[in-house]
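Quick note on labels: first sequence line is chain A, next is B, and so on, each numbered from 1.
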Protein chains: 2
Amino acid sequence: MKTMKVPEATISRLTIYSRFLEQADAKGILTVSSTDIAKNVGVTPAQVRKDLAYFGEFGTRGIGYTVKDLLKHIRKILGLTKIWNVALIGAGNLGRALAHYKGFAKRGFEIKAIFDVDPSKIGSKIGNINVYSMDELNEKVKELDLRLGIIAVPAVAAQEAAWALVKAGIKGIINFAPRSIIVDENVILRRVDLAAELEVLTYNLQECKIDA
Amino acid sequence: MKTMKVPEATISRLTIYSRFLEQADAKGILTVSSTDIAKNVGVTPAQVRKDLAYFGEFGTRGIGYTVKDLLKHIRKILGLTKIWNVALIGAGNLGRALAHYKGFAKRGFEIKAIFDVDPSKIGSKIGNINVYSMDELNEKVKELDLRLGIIAVPAVAAQEAAWALVKAGIKGIINFAPRSIIVDENVILRRVDLAAELEVLTYNLQECKIDA
DNA sequence: TAGATTGTTAATCGATTAACAATC
DNA sequence: TAGATTGTTAATCGATTAACAATC
């Protein structure tokens, strides 16, 4: 293994491999080959081995990978060995759903506080998470050790929410609002545009004339 | 313009460009340059022009692009000139949120029916959308002209939901469950893994030692 | 040992960027 | 005309794939 720049796509795939490994582990499978992983997640075996090779040698030639070991290594690589506390901005429909979503906690992400500008929501609870005023963001980030931010506000409010998060010291943000936002360059920003996913489908469907 | 394979990434960027153009149009801006677009969405101007060049010549040298025209062209390219009816599988928290999410309807995607296996949910409504039994999927797909499917069920049920959608004739599917699924090769499948997005953040945060 | 599978290199493939003639 | 900006080509960059020696 030589140290070199790891493609972003490799990181995304590592999370996908880890999903498969969790399933395999749950089924009691002890060992998997790169081909097993590849078949399940829809990539080539070479791709799997290359992705892992950026970080070390985790397998045994002739045998494959020990499921539990590889899972542990990938979790370490992704920084998932501890709990990450999350600030959620926006207590609307999407925000409420994300607050309830079990998949986060299952992977070590805990939404510890929700923030909104709507006075009728401030002071309420979603599940057992408090909804605070945006004015309390700085304070709560420190108090609750919030490290990540999720923006689930309307498009017009997205940039402001991002600035507030950055100002409060949050270094990793996911933006669910359908608008491009900018942040300091030492902050990691990812965009999830739900409608955009559907739009890629419609492009492909009409392209293939399936729909003509 | 020569006809050649269009990268998937180009399609995703077109949706992002269209978001910016909508904002610009709302502000009354008549013309934008590739540099304007690029700055806003975080790519290079050459990238913008290349992406558009796959589909035609939409600009005027020395001037730029007419906002309304370019928006219309991109919508046409993406197949957004008509309404797409959507089947949503799963009436849990995530499903409920997606059912309420305004961003879909705003872009011509209408969730017309929700399906679940839970008898306590079947027959109820989420917003004004009926929740049906999975047994009714085939029938409703025809009756309501459903073209796209969204899978928002637990991981263990995802593959079964996918098969049901494919069997019902759905040709484009978005999978929100954190599990890889397979579909017929004439079906377009996209995966949205919410926790995976956070995991890419945590990788980057520990990588940069911001967090050491 | 023979069969299987890794880790790694080199070759291929594809996407992005830079540059510039065309032209408004 | 001079300045601006497109459309497009060629060059660069990066990621994927194929192949195979290493080795269990």
Indicate whether OP1 or OP2 belonging to [N] is found under 4.0 Å from a side-chain N or O atom of [X].
| X | N | value |
| --- | --- | --- |
| A:R61 | D:dA22 | no |
| B:T44 | C:dT17 | yes |
| B:Q47 | C:dT17 | yes |
| A:S34 | C:dT6 | yes |
| B:R13 | C:dT16 | yes |
| B:Y54 | C:dG14 | no |

Please report the interatomic distance CG(B:L148) to CG(A:L205), rounded to the nearest 0.5 Å.
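Rounded to the nearest 0.5 Å, the CG-CG separation comes to 6.0 Å.
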Working to the nearest 0.5 angstrom, can you tell me the gap between B:L21 CG and B:D69 CG?
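If I round to the nearest 0.5 Å, the distance is 11.0 Å.
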Is the distance between the ring centroids of A:Y17 and A:F20 less than 6.0 Å?
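They do not qualify: ring centres at least 6.0 Å apart.
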Within 45° of the axis and under 6.0 Å from the centre of the six-membered ring of B:W84, does NZ or CZ of B:K82 qualify?
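Yes, B:K82 lies over the aromatic ring of B:W84.
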Do A:R190 and A:E8 meet the salt-bridge criterion of a basic N to acidic O distance under 4.0 Å?
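Looking at A:R190 together with A:E8, the answer is yes, because their closest N to O distance falls below 4.0 Å.
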Closest-nucleotide mapping onto DNA chain D: is A:E8 or A:A46 further toward the 5' terminus? I mean the 5' end.
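Between the two, 5'-proximity favours A:E8.
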Between A:I63 and A:K50, which has a closest nucleotide on DNA chain C that is more 5'?
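It is A:I63 whose nearest nucleotide is closer to the 5' end.
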Tell me: [atom1] of [X] to [atom2] of [N], nearest whole Å?
| X | N | atom1 | atom2 | answer |
| --- | --- | --- | --- | --- |
| A:L52 | D:dT17 | CG | C1' | 16 Å |
| B:L70 | D:dG7 | CG | C1' | 14 Å |
| B:Y65 | C:dT23 | OH | C1' | 14 Å |
| A:F55 | C:dG7 | CZ | P | 14 Å |
| B:K5 | D:dT16 | NZ | P | 14 Å |
| B:F58 | C:dT23 | CZ | P | 18 Å |
| A:Y17 | C:dT6 | OH | P | 12 Å |

What nucleotide among [options] has an atom nearest to a side-chain atom of [X]?
| X | options | value |
| --- | --- | --- |
| B:R49 | C:dC20, D:dC20, D:dT9 | C:dC20 |
| A:S33 | C:dT6, D:dT6, C:dT8 | C:dT6 |
| B:T60 | C:dT6, D:dA15, C:dC24 | C:dC24 |

Closest approach of B:R107 to A:P178 (non-hydrogen atoms, all atoms of both residues)
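That closest heavy-atom pairing would be NH2-CB, 4.3 Å.
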Answer with base, sugar-phosphate or nothing: what part of the nucleic acid does A:T10 contact at a heavy-atom distance below 4.0 Å?
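No contact.
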Can you label the angle between the B:F115 ring and the B:Y132 ring as parallel, tilted or perpendicular, going by 30° and 60°?
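Rings of B:F115 and B:Y132: tilted, 30 to 60°.
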Can you list everything that forms a side-chain contact (heavy atoms from CB on, under 4.5 Å) with A:A196? Sequence neighbours excluded, please.
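A:A196 satisfies side-chain contact (heavy atoms from CB on, under 4.5 Å) with A:D193, B:T15, B:R19 once adjacent residues are dropped.
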Secondary-structure stems, DNA chain C, at least 3 Watson-Crick or G-U base pairs under 3.5 Å:
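The stems are C:3-24 with D:3-24.
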